[in-house]
Amino acid sequence: MTDPTPAAHAAAAAPRVAFPPGFAWGAATAAYQIEGAAAEDGRTPSIWDVFARTPGKVLNGDTGDVAVDHYHRFREDVRLMADLGLTSYRFSLSWPRIQPTGRGPAVERGLDFYRALTDTLLEHGISPVATLYHWDLPQDLEEAGGWPVRETAYRFAEYAALAAAALGDRIPVWTTLNEPWCSAFLGYGSGVHAPGRTNPADALKAAHHLNLGHGLAVGALRELLPASAQLSVSLNLHLLRPLTDTPEDHEAVRRIDAVGNRIWTGPMLKGGYPEDLKADTAHLVDWDELVRPGDEAEICRPIDLLCLNYYNPTVVSAPRPELETADAARNDGHGASDHSPWPGSEEIVFHLANDDLTAMGWPIDASGLTDSLVGLQRDFGLPMMVTENGAAFEDVVGPDGEVHDPERLRYVRLHLEAVAEAIAAGADVRGYYLWSFLDNFEWAYGYSKRFGIVHVDYATQRRTPKSSAAWYSGVIRRGGLD
């Protein structure tokens, strides 16, 4: 990438919409989606390795065995980040690469990869943000019961301590869990994510043990990291709107808010599970037995940042005859399944917010990001970062060898404007991480959906920055929107 022209430098000095000094301009990825090297240097299978290799679970039978080969190409990828001007990069650590069975000592070869990646980022002036868990539970732990079993929370804290001891002097920001809602309810409820189980009681048990694992990990990290380290969790909280202004539809919002949002923010940030959530799901689990004395205090250990992953708002209604269609019931954006990811509220009907859709079928509505950030600031008063936001579109390499993606550029612009509006309204937002840096393995969709600002030819592993990458680079250099 060439240096901007003098005219571009002049434009960079005066953005139309400026962001605060020190704002983190980043992009994000996840280990299983990009690393490949699935059986190298001691790494053993995760639940996603097993799930992806199970016929019928992932589109086209795709797996992350090779992915985009970031494990071998990370230096090239970091150079691309530096060329684009990223000031921060959010990545996840692979639990089975560091602690293959989920027990015992770390594998130094696995840690060496993350040491080298982090050092390379720092050499290029890019601040690393590490996520401890982005869905790749060691298969050995799943075979011992997985997240529905309490012991997994303690194993997660042990793994967090191994990572902190090895990398704590290099990484200033740590995230415990990424989107635990997906881990619990797509993994153990609807079964569209690994490990593919479909038991609503297990999904709720998994949610509690993910919460407990978060709290235990925060405690372990505090003991080992420098006092300056910042700890966070990344939640895909659902920005909920009723289809109509009726009591029945507002009740639908309450129910989905309980099992979609407050099941996390209640214990993590307020010290306890909501009573209405427990009432809604009492026929599935015994909360008094599941939540042991001291659990909620453990889960509610203080964090420094609240991180939000946002893609679209969620519109819900109560069931009624004119809405009872298969299509309406599946418009929650979380994949097709005969099993619901909403235990206790399976009857709620989901609707598209509009018909301006991405390739994932997700509606584009940036106002939900503003509303989310302002609401979180009001409710919890913590500094925040947007740790995922982006869109998949049908990107192709043109005759000129370039990848032009004006739809993504528009999407990101709208959402950065939404972040700026939230900041203007008083939200303390300190960073934005575009999802994602590279095209990659998109979970159950395999390689059919492209979210990256850098195009990857999966046959050759050739990287080509898209037009959205060049535009985002300009935003970073200006410190805001033109």
N/O donor-acceptor pair under 3.5 Å between [X] side chain and [Y] backbone:
X: Asp280; Y: Lys278; value: no
X: Thr464; Y: His455; value: no
X: Asn60; Y: Asp62; value: no
X: Glu346; Y: Gly344; value: yes
X: Ser190; Y: Pro341; value: no
X: Asp202; Y: Pro148; value: no
X: Ser345; Y: Trp342; value: no
X: Thr281; Y: Leu277; value: yes
X: Thr175; Y: Thr131; value: no

- Apply salt bridge (Lys or Arg N to Asp or Glu O under 4.0 Å) to Arg292 and Glu298, showing your working. CA-CA 11 Å; Arg292 298 182 185 177; Glu298 188 72 56; over 6 Å; no
Taking every non-hydrogen atom, the tightest pair across [X] and [Y]:
X: Ala220; Y: Ala157; answer: CB-O, 3.8 Å
X: Pro406; Y: Ser467; answer: N-OG, 4.5 Å
X: Asp49; Y: Ala38; answer: OD1-CB, 3.8 Å
X: Leu221; Y: Ala160; answer: CD2-O, 3.8 Å
X: Ile453; Y: Tyr472; answer: CD1-CD2, 4.2 Å

- Item | salt bridge (charged side-chain N to carboxylate O under 4.0 Å, His left out) partners of Arg463, counting only residues at least two apart | Asp77
- Contacts of Glu394 meeting salt bridge (charged side-chain N to carboxylate O under 4.0 Å, His left out) (sequence neighbours excluded), chain-then-number -> none
Does any donor atom in the side chain of [X] or [Y] lie under 3.5 Å from an acceptor atom in the other side chain?
X: Tyr273; Y: His208; value: yes
X: Glu388; Y: Asn309; value: yes
X: Tyr433; Y: Ser88; value: yes
X: His209; Y: Thr152; value: no
X: His238; Y: Asp332; value: no
X: Asp439; Y: Tyr447; value: no
X: Ser317; Y: His351; value: yes
X: Tyr89; Y: Thr29; value: yes
X: Asn178; Y: Ser234; value: no
X: Asp69; Y: Gln461; value: no

For the residue pair [X] and [Y], categorise the inter-ring angle as parallel (less than 30°), tilted (30 to 60°) or perpendicular (more than 60°).
X: Trp443; Y: His134; result: parallel
X: Trp264; Y: Phe185; result: perpendicular
X: Tyr159; Y: Phe156; result: tilted
X: Tyr310; Y: His415; result: tilted
X: Phe19; Y: Phe23; result: tilted

- Task: Taking the six-membered ring for Trp and the full ring for Phe, Tyr or His, determine whether the centres of Trp95 and Trp135 are under 6.0 Å apart.
- Result: no
- Message: I want to know whether His334 and Trp362 have ring centres closer than 6.0 Å.
- Response: no
- Trace of the side-chain hydrogen bond (donor to acceptor under 3.5 Å, both in side chains) decision for Asn199 with His339: CA-CA 9 Å; Asn199 183 309; His339 303 271; over 6 Å; no
- Query: Is the count of non-hydrogen atoms from other residues, nucleotides or ligands lying under 6.0 Å from Asp286 atom CG greater than 12?
  - Reply: yes
- Decide salt bridge (Lys or Arg N to Asp or Glu O under 4.0 Å) for Arg43 and Glu35; before the verdict, give the C-alpha distance in whole Å, the side-chain angles of both, and the deciding distance to 0.1 Å. CA-CA 12 Å; Arg43 185 187 181 277; Glu35 284 181 4; 5.3 Å; no
Could you list the donor-acceptor pairs under 3.5 angstrom formed by side chains in residues 419-430, with sequence neighbours left out?
{"unit_1": "Asp428", "atom_1": "OD1", "unit_2": "Arg430", "atom_2": "NE", "d": "3.1"}
{"unit_1": "Asp428", "atom_1": "OD2", "unit_2": "Arg430", "atom_2": "NE", "d": "3.3"}
{"unit_1": "Asp428", "atom_1": "OD2", "unit_2": "Arg430", "atom_2": "NH2", "d": "2.9"}

Decide, yes or no, whether a salt bridge links [X] with [Y] under the criterion of side-chain N to carboxylate O below 4.0 Å.
X: Asp295; Y: Arg150; answer: yes
X: Arg320; Y: Asp249; answer: yes
X: Lys466; Y: Asp405; answer: no
X: Asp379; Y: Arg262; answer: no
X: Asp395; Y: Arg408; answer: yes

- Test Glu142 against Arg197 for salt bridge (Lys or Arg N to Asp or Glu O under 4.0 Å), laying out the working first. CA-CA 11 Å; Glu142 172 60 22; Arg197 288 158 61 178; 2.7 Å; yes
- Separation between OG (Ser127) and CH2 (Trp25), nearest 0.5 Å, reads 15.5 Å
- Looking at NE2 of His250 and OG1 of Thr244, how far apart are the two atoms once the value is rounded to the nearest 0.5 Å? 7.5 Å
- Item | Criterion side-chain contact (heavy atoms from CB on, under 4.5 Å) on Trp174 and Leu132, from CA distance to verdict | CA-CA 7 Å; Trp174 292 75; Leu132 284 166; 3.9 Å; yes
- So Leu357 and Leu352, side-chain contact (heavy atoms from CB on, under 4.5 Å) or not? Walk me through it. CA-CA 9 Å; Leu357 307 180; Leu352 293 175; 4.3 Å; yes
- Task: Would you kindly check if the NZ (Lys) or CZ (Arg) of Arg97 is within the cone defined by 45 degrees around the ring axis of Tyr71 and under 6.0 Å from the six-membered ring centre?
- Result: yes
- Item | Derivation and outcome, side-chain contact (heavy atoms from CB on, under 4.5 Å), residues Phe437 and Val454 | CA-CA 6 Å; Phe437 178 60; Val454 175; 3.8 Å; yes
- Task: Show your working on salt bridge (Lys or Arg N to Asp or Glu O under 4.0 Å) between Arg241 and Asp371 and close with a plain yes or no.
- Result: CA-CA 11 Å; Arg241 293 169 177 161; Asp371 293 345; 3.1 Å; yes
- Thr176/Tyr133 under side-chain contact (heavy atoms from CB on, under 4.5 Å): CA gap, chis, key distance, verdict: CA-CA 6 Å; Thr176 55; Tyr133 187 72; over 6 Å; no
- Message: Is there a side-chain contact between Gln139 and Thr44 in this structure, where contact means two heavy atoms from C-beta onward sitting under 4.5 Å apart?
- Response: no
- Kindly indicate whether the side chain of His70, heavy atoms from C-beta on, has any atom under 4.5 Å from the side chain of Phe91. no
